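In this chain, numbering begins with 1 at the start of the sequence shown. All heavy atoms count here, side chains included; hydrogens, waters and symmetry mates do not. The shown structure was predicted, so the numbers you read here are calculated from the model rather than taken from an experiment.
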Amino acid sequence: MTYFHGILVTEPVDGVRPILEKSTAVIGLVATATAAAGAATQALDAAFPVNRPVLITDVRRAVGLAGTGGTLARALSAIADQGSPLVVVVRVAPGQNAAATEQAIIGGAVGGSYQGLQALLAAEALVGVRPRILGVPGLDSQAVVTALLPVAKRLRGMIYAAARPQAALAATIADAVTYRGEFSARELMLLWPDATGWDGQAVATALGVRAALDETVGWHRALSNIPVEGFTGINKDVNFDIRDNSTDAGALNAAQITTIVRQTGYRFWGVRTCSDEPFFAFEPATRTAQAIQDAIADAQAVFVDRPMTPSLVRDIVETANATLRRWTTQGRLIGGRCWYDAAANPTEALAGGQLVIDYDYTPAAPLEGLTLNQRITAKYYSGFGDALASAVTR
């Protein structure tokens, strides 16, 4: 033992760690923008360099920097109508025709840099936040959405896209339903029809509503049945009756397409993703899974490479359990639990530095269908004569 005469102060940092959630309310917006020649173009290029992610903290102010052509200014304005979230913008230069613009949006890796929607993958490294609510308003063709899906999976994000076969919004409900069959991803919610303001307004508005909900309520609340700002109408007739499922809105929802209805204002109506896995059929279930993955994994990073002792494993398990309990109390989850399974951790694996920890959870499902049993009965006439006699006596 080393000789020491005095007071030695140590500062151990063991025990349960608080889990700090990453924001799920960050929008990833891919858009085109042009401006008049000269100083206006220079200002646009300075504010939104092509193919580079730019972090916007004041959405309303950014509208004035976004040029006058393309989709960027209108998309930012629609988002600002719902709130003022963080927005990561990737501006894409429009091509000579629709096909060239589509290819520019899809982008790729050129000279070691990501271009087009692929640039969203570089956002966290370049601007410090990870976009989780993704959209390409007005330009989300099938090819664009297909290319965006792997990006969404890597970012653990959700795409909001129009039912847009090729370059045009589906003309009919039947066309929209047919288009829905092209996808089977939990990271995608399809919208039909659009608002009357401009092509892509519904998608841009959905991005803003989703971010506002994440900030004010949480990722466990569905996009559906929330009043939206900025709509003056919808561009296709959609019959809706909350008491009757045999309507246009009912047919769209049955096909896992979110629609727009007018009920004390305009609202998105529909809670389902394009998932082929029933556990992730609901939008909140997918976003819950994504939020839990990030929060728990990030919190455990501090334990990696430390000596693997029983106390370390207890800290890992209890760190996760503390958060699962908190989210359950908050109503974000129905329940959840983390545990160590000895059968999944044989001696040779532990000696090799490998540890397996299990946890489960139950997301809070949205109340999609409510049945009210209305019964007619004559039983409340019982005692009618007595009540009448009493009234006459008085």
Quick one: pull up [atom1] in [X] and [atom2] in [Y] and give me the separation to the nearest 0.5 Å.
X: Ile376; Y: Gln374; atom1: CD1; atom2: CD; value: 8.5 Å
X: Phe282; Y: Thr288; atom1: CZ; atom2: OG1; value: 12.0 Å
X: Asp194; Y: Leu169; atom1: CG; atom2: CG; value: 6.0 Å
X: Arg243; Y: Asn245; atom1: CZ; atom2: CG; value: 13.0 Å
X: Phe48; Y: Thr32; atom1: CZ; atom2: OG1; value: 12.5 Å
X: Leu252; Y: Lys236; atom1: CG; atom2: NZ; value: 12.5 Å

Shortest non-hydrogen contact from [X] to [Y]?
X: Asp140; Y: Tyr160; result: OD2-O, 4.4 Å
X: Pro307; Y: Leu312; result: O-CD2, 3.3 Å
X: Ile292; Y: Trp327; result: CG1-CZ3, 3.4 Å
X: Tyr114; Y: Leu121; result: CE1-CB, 4.3 Å
X: Asn51; Y: Gly116; result: OD1-N, 2.8 Å
X: Pro363; Y: Ile334; result: O-CG1, 3.6 Å

Quiz item: Are Tyr380 and Phe384 near enough that their ring centres are under 6.0 Å apart?
Solution: no

Quiz item: Given the side-chain rings of Trp339 and Tyr359, with only the six-membered ring counted for Trp, is the space between their centroids under 6.0 Å?
Solution: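 Centroid distance Trp339-Tyr359: not below 6.0 Å, so no.
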
So, the side chain of [X] versus the backbone of [Y]: is there a donor-acceptor pair under 3.5 Å, distance only?
X: Glu102; Y: Ala98; answer: no
X: Ser141; Y: Pro165; answer: no
X: Arg210; Y: Leu213; answer: no
X: Thr319; Y: Asp315; answer: yes
X: Glu277; Y: Phe279; answer: yes
X: Asn225; Y: Trp269; answer: no
X: Ser224; Y: Gly270; answer: yes
X: Asn321; Y: Arg325; answer: no
X: Gln300; Y: Ile316; answer: yes
X: Ser382; Y: Lys379; answer: yes

Does the side chain of [X] reach to within under 4.5 Å of the side chain of [Y], using non-hydrogen atoms?
X: Leu207; Y: Leu134; value: no
X: Asp214; Y: Arg287; value: yes
X: Arg60; Y: Ser77; value: yes
X: Arg156; Y: Arg130; value: yes
X: Arg91; Y: Val54; value: no
X: Val87; Y: Val26; value: no
X: Leu29; Y: Leu76; value: yes
X: Gln201; Y: Phe231; value: yes

Would you say [Y] ends up clustered with [X] if hydrophobic residues are merged whenever their side chains have heavy atoms under 4.5 Å apart, either directly or through other cluster members?
X: Val129; Y: Val59; answer: no
X: Ile357; Y: Phe303; answer: yes
X: Leu149; Y: Val203; answer: no
X: Val317; Y: Met308; answer: yes
X: Val271; Y: Tyr266; answer: no

Self-check item: Ionic contact status for Asp294 with Arg132, cut-off 4.0 Å
Solution: yes

Quiz item: With a 4.0 Å cut-off, would you call Arg164 and Asp175 a salt bridge?
Solution: no

Kindly check if the number of other-residue, nucleotide or ligand heavy atoms within 6.0 Å of [atom1] ([X]) is above 12?
X: Asn97; atom1: CG; answer: yes
X: Gln354; atom1: CD; answer: no
X: Asp305; atom1: CG; answer: no

Practice problem: With side chain to side chain donor-acceptor pair (under 3.5 Å) as the test, would you mind laying out the steps for Gln82 and Glu229 before giving the verdict? | Solution: CA-CA 6 Å; Gln82 318 309 317; Glu229 303 295 334; over 6 Å; no

Practice problem: Using the side chain to side chain contact (heavy atoms under 4.5 Å, CB included) rule, take Leu44 and Thr41 through it: C-alpha gap first, then chi angles, then the decisive distance, then the call. | Solution: CA-CA 5 Å; Leu44 175 62; Thr41 298; 5.6 Å; no

Exercise. Tell me, with the steps shown, if Leu139 and Val144 meet side chain to side chain contact (heavy atoms under 4.5 Å, CB included).
Key: CA-CA 8 Å; Leu139 299 167; Val144 167; 5.7 Å; no

Practice problem: Verify side chain to side chain contact (heavy atoms under 4.5 Å, CB included) between Ile296 and Leu324, making sure each step is shown before the conclusion. | Solution: CA-CA 9 Å; Ile296 291 185; Leu324 293 171; 4.2 Å; yes

Quiz item: Ile226 and Arg221: side chain to side chain contact (heavy atoms under 4.5 Å, CB included), yes or no, with the steps?
Solution: CA-CA 10 Å; Ile226 295 292; Arg221 172 63 165 94; 3.1 Å; yes

Quiz item: What residue among Leu188, Thr273, Ile133 forms side-chain contact (heavy atoms from CB on, under 4.5 Å) with Met158?
Solution: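 Result for side-chain contact (heavy atoms from CB on, under 4.5 Å) with Met158: Thr273.
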
Practice problem: Please determine, by modelled atom types, if Arg267 and Thr264 share a side-chain donor-acceptor pair under 3.5 angstrom. | Solution: yes

